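Remarks on the structure that follows.
Model, not experiment: these values are computed from the prediction. Scope of the values below: all heavy atoms of this structure, side chains included, with no hydrogens, waters or symmetry mates.
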Amino acid sequence: MNLLHKYLNRTDFKDYRDFADNVKLNHVDQFNFGYDVVDEYARIAPEKRALVWCDKHGEERIFTFADISKESNKIANMLRAKGLKKGDFVMTMLNRRYEYYLVCVACCKLGLTLIPATYLLTEKDIEYRCNNAEVKALFCINEDEVIEYVNRATPYCTTLLYRFTVGTRDGFLDLHAEYEGCSDVLDLPLSERPALGDTMLVYFTSGTTGYPKMVAHDFKYPLGHIMTAYFWQAVVDDGLHFTSAESGWAKFSWGKIYGQWLSGSAVFCYDYYGRFTPTDLLPLIGKYGITSFCAPPTIYRFLIREDLSKYDFSSLVSCTTAGEPLNAEVSRQFYKATGLTIREGFGQTESAVILATFRYCKAVPGSTGLPCPIYDLVLLDDNDEVVTGTDSVGEICIRLSNDQFGLLHGYHKDPERTQNALGTGYYHTGDLATKDSEGYFWFVGRKDDIIKSSGYRIGPFEVESALQEHPAVLECAITGVPDPLRGQIVKATIILNKGYEPSDELVKELQNHVKHATAPYKYPRVIEFVKELPKTISGKIKRTDIRKQDKKA
């Protein structure tokens, strides 16, 4: 059983056209994920499974919705007793600990604005976030490095009152000890509960340039992820969905709580700290009977290097990917090994899924998919005019409506940026794409990353995709470098696979490979071999840093 009937006009469609034309999220005047989803399941199906958590040490916990409801109420009562109230900001650095779910739901019920942050933040990152959002309480995992960074930052965090961790640490409150004796019934007057338009979540975007932005979502945000979970990830009612993200990233909201629980699926959380090992993940799919799986292309690239015939994929009915464009060769190799099609999705920290190969769509390798019906999607040129004609490049934009689900309601404490993003009648994603004759979108690249060479506009993804089909290439980044004749020329910065060494012969081989895989004018005239690529803490390649370094050279 699930709650979709409350928020959707229909749950079954014969094909994408029927889905796109007829699906509708019902208007709501009030909605709170803590009360209307978690507590509602606890009332009507208390033993319904919500969360299956395990860690690399063999510890395991299974939570029902009744468990989540009661434990979150205890935490809410504890925070309330400490004086935290609606509108206060709370930050978490809890990685994949199950406590994140409890704190998240507690904050939702109280109307505390939650800032999910990665455990990878350093001293300056923590200070910046705490002060810009006026954070009152911080929850973090009990790892030496994380604790050290929090300790270093704390003297400079002017509004921080409480520091919690999971376990015992000097100077920190033990989360479990603090809430254990609290009541599991939350008696909060309606006047103290948050309104639909209040700020529920703020994500600091990692960005590839400048300081992080504060993306603010209201309490209607979880409903947009019905599209993400039910229609794209194809989660199963009473099934078990596994998204690999940790709690500090928006992909956690996409894949590990909101849409999945609304759709009736439990979520699986594998907790590890430090280095990711693909062979740790693979046995869990068969062991726990995972029914749907979502991971970024990077993880799929790791997985296809393993002998997948050793593992049990029989429970899986759906595999999806997002975070960056998926190389078609990775998709082909995964299908060959498992018989499972990887269906791509696209969106941002600011949104729910925007484009995807939904459950009613045929998968077209290399394509980002078709528009999510809750968004009125258009491709715009630099003058905000709609791009016409197939294969013409335009910026992916959303024409705004009065009843928008899953889209940011502003940038916190930044009215100018909010006006620029939402004040023109469109939300601009900053990402470029083309659309083919069947309506499928094809990702080109970030608007700032487009290379203009001899009158051609070249998107980095197509060239990167071509290069990654060559066995010598582990990772690569395509950028433009200044050229007096052509304006810019294409440069490839490449990390080689084991067994390959840089050479003039390999440069020629890679250039010829690209010439045969895509239009010849797109081939990289400059190739640099490196040991690592500059990346944000979320793992996105910082092409800006490569361009800056090239200017200095």
Side-chain angles (χ1 to χ4, degrees), residues 32-35 38 68 71-119 121 125-142 146-147 149-151 153-154 156-166 169 171-179 182 186 188 192-195 198-205 212 214-219 221-222 246-250 252-253 256-258 349 409 412-413:
N32 184 292
F33 186 79
Y35 301 117
V38 174
I68 301 287
E71 295 294 293
S72 63
N73 284 346
K74 288 182 179 182
I75 292 177
N77 281 319
M78 180 269 290
L79 293 174
R80 205 172 161 216
K82 292 187 182 298
L84 272 73
K85 61 186 184 302
K86 180 173 65 176
D88 287 340
F89 279 69
V90 167
M91 189 164 94
T92 58
M93 296 171 61
L94 288 170
N95 192 12
R96 295 168 176 84
R97 290 290 310 180
Y98 64 80
E99 288 86 357
Y100 174 82
Y101 292 88
L102 310 180
V103 171
C104 174
V105 174
C107 288
C108 193
K109 290 177 177 180
L110 289 180
L112 301 175
T113 300
L114 181 64
I115 302 172
T118 175
Y119 71 94
L121 297 182
D125 299 319
I126 296 165
E127 177 189 340
Y128 176 79
R129 285 158 174 75
C130 283
N131 288 334
N132 276 271
E134 301 178 46
V135 170
K136 297 281 184 69
L138 171 64
F139 298 79
C140 67
I141 55 173
N142 197 349
V146 176
I147 294 294
Y149 281 131
V150 172
N151 277 333
T154 297
Y156 306 101
C157 298
T158 57
T159 61
L160 189 60
L161 300 175
Y162 302 105
R163 305 186 309 168
F164 298 88
T165 192
V166 181
R169 279 279 179 161
F172 287 77
L173 298 172
D174 181 334
L175 174 59
H176 286 274
E178 290 293 318
Y179 81 75
C182 296
L186 178 61
L188 190 69
E192 294 183 26
R193 295 186 182 185
D198 289 345
T199 301
M200 181 185 82
L201 277 176
V202 165
Y203 273 107
F204 280 75
T205 59
M214 290 186 279
V215 178
H217 287 287
D218 61 24
F219 280 80
Y221 170 68
E246 63 118 319
S247 62
W249 307 119
F252 191 101
S253 291
K256 284 183 123 155
I257 183 166
Y258 298 122
T349 302
H409 72 117
H412 183 62
K413 295 171 70 173

Taking side-chain contact (heavy atoms from CB on, under 4.5 Å) as the test, write out the residues that go with Leu188, two or more places apart. Tyr35, Arg80, Leu110, Leu186, Glu192, Arg193
Excluding sequence neighbours, so at least two apart, what forms side-chain contact (heavy atoms from CB on, under 4.5 Å) with Ser247? Leu94, Tyr100, Phe252
Which pair of non-hydrogen atoms, one from [X] and one from [Y], has the smallest distance, and what is that distance?
X      : Y      : value
Pro194 : Cys108 : CG-O, 3.8 Å
Cys157 : Glu127 : SG-CA, 3.9 Å
Thr159 : Glu134 : OG1-C, 3.1 Å
Ile147 : Ile141 : CD1-O, 3.8 Å
Ser72  : Leu102 : CB-O, 3.6 Å
Tyr128 : Asn132 : O-ND2, 2.8 Å

Nearest 0.5 angstrom please: [X] [atom1] to [Y] [atom2], how far?
X      : Y      : atom1 : atom2 : answer
Ile126 : Leu138 : CD1   : CG    : 7.0 Å
Phe204 : Ile115 : CZ    : CD1   : 5.0 Å
His217 : Asp198 : NE2   : CG    : 15.0 Å
Ile68  : Tyr98  : CD1   : OH    : 10.0 Å
Cys107 : Leu84  : SG    : CG    : 8.0 Å
Asp174 : Asn142 : CG    : CG    : 8.5 Å

Is there a side-chain contact (heavy atoms from CB on, under 4.5 Å) between Ile75 and Phe164? Walk through the geometry before answering. CA-CA 12 Å; Ile75 292 177; Phe164 298 88; over 6 Å; no
With a 6.0 Å cut-off (strictly less than), is the heavy-atom count around NZ of Lys85, excluding the residue itself, greater than 12? no
Is Lys74 atom NZ crowded by more than 12 heavy atoms from other residues, nucleotides or ligands, each under 6.0 Å away? yes
Are the side chain of [X] and the backbone of [Y] linked by a donor-acceptor contact shorter than 3.5 Å?
X      : Y      : value
Tyr162 : Lys82  : yes
Thr113 : Thr199 : yes
Arg163 : Gly171 : yes
Asn95  : Arg97  : no

Cys104: which of Val38, Val90, Leu114, Thr92 passes side-chain contact (heavy atoms from CB on, under 4.5 Å): Leu114
Compute the centroid of each ring, for His412 and then for Phe89, and state whether the two points are separated by less than 6.0 Å. yes
Under 3.5 Å side-chain donor-acceptor pair for Asn73 and Lys109: yes
Among Tyr101, Phe219, Tyr258, Tyr221, find the one that has a ring pair (Phe, Tyr, Trp, His ring centres under 6.0 Å) with Phe33. Tyr258
Check step by step if side-chain contact (heavy atoms from CB on, under 4.5 Å) holds for Glu99 and Phe139. CA-CA 9 Å; Glu99 288 86 357; Phe139 298 79; over 6 Å; no
Between [X] and [Y], is any pair of side-chain heavy atoms under 4.5 Å apart?
X      : Y      : result
Trp249 : Pro116 : no
Phe172 : Val150 : yes
Val135 : Arg129 : no

Under the salt bridge (Lys or Arg N to Asp or Glu O under 4.0 Å) rule, collect the residues that match up with Arg169, sequence neighbours excluded. Asp144
side-chain contact (heavy atoms from CB on, under 4.5 Å) evaluation trace for Val103 with Leu175: CA-CA 10 Å; Val103 171; Leu175 174 59; 4.2 Å; yes
List the steps and the verdict of side-chain contact (heavy atoms from CB on, under 4.5 Å) for His176 and Val166. CA-CA 7 Å; His176 286 274; Val166 181; 4.3 Å; yes
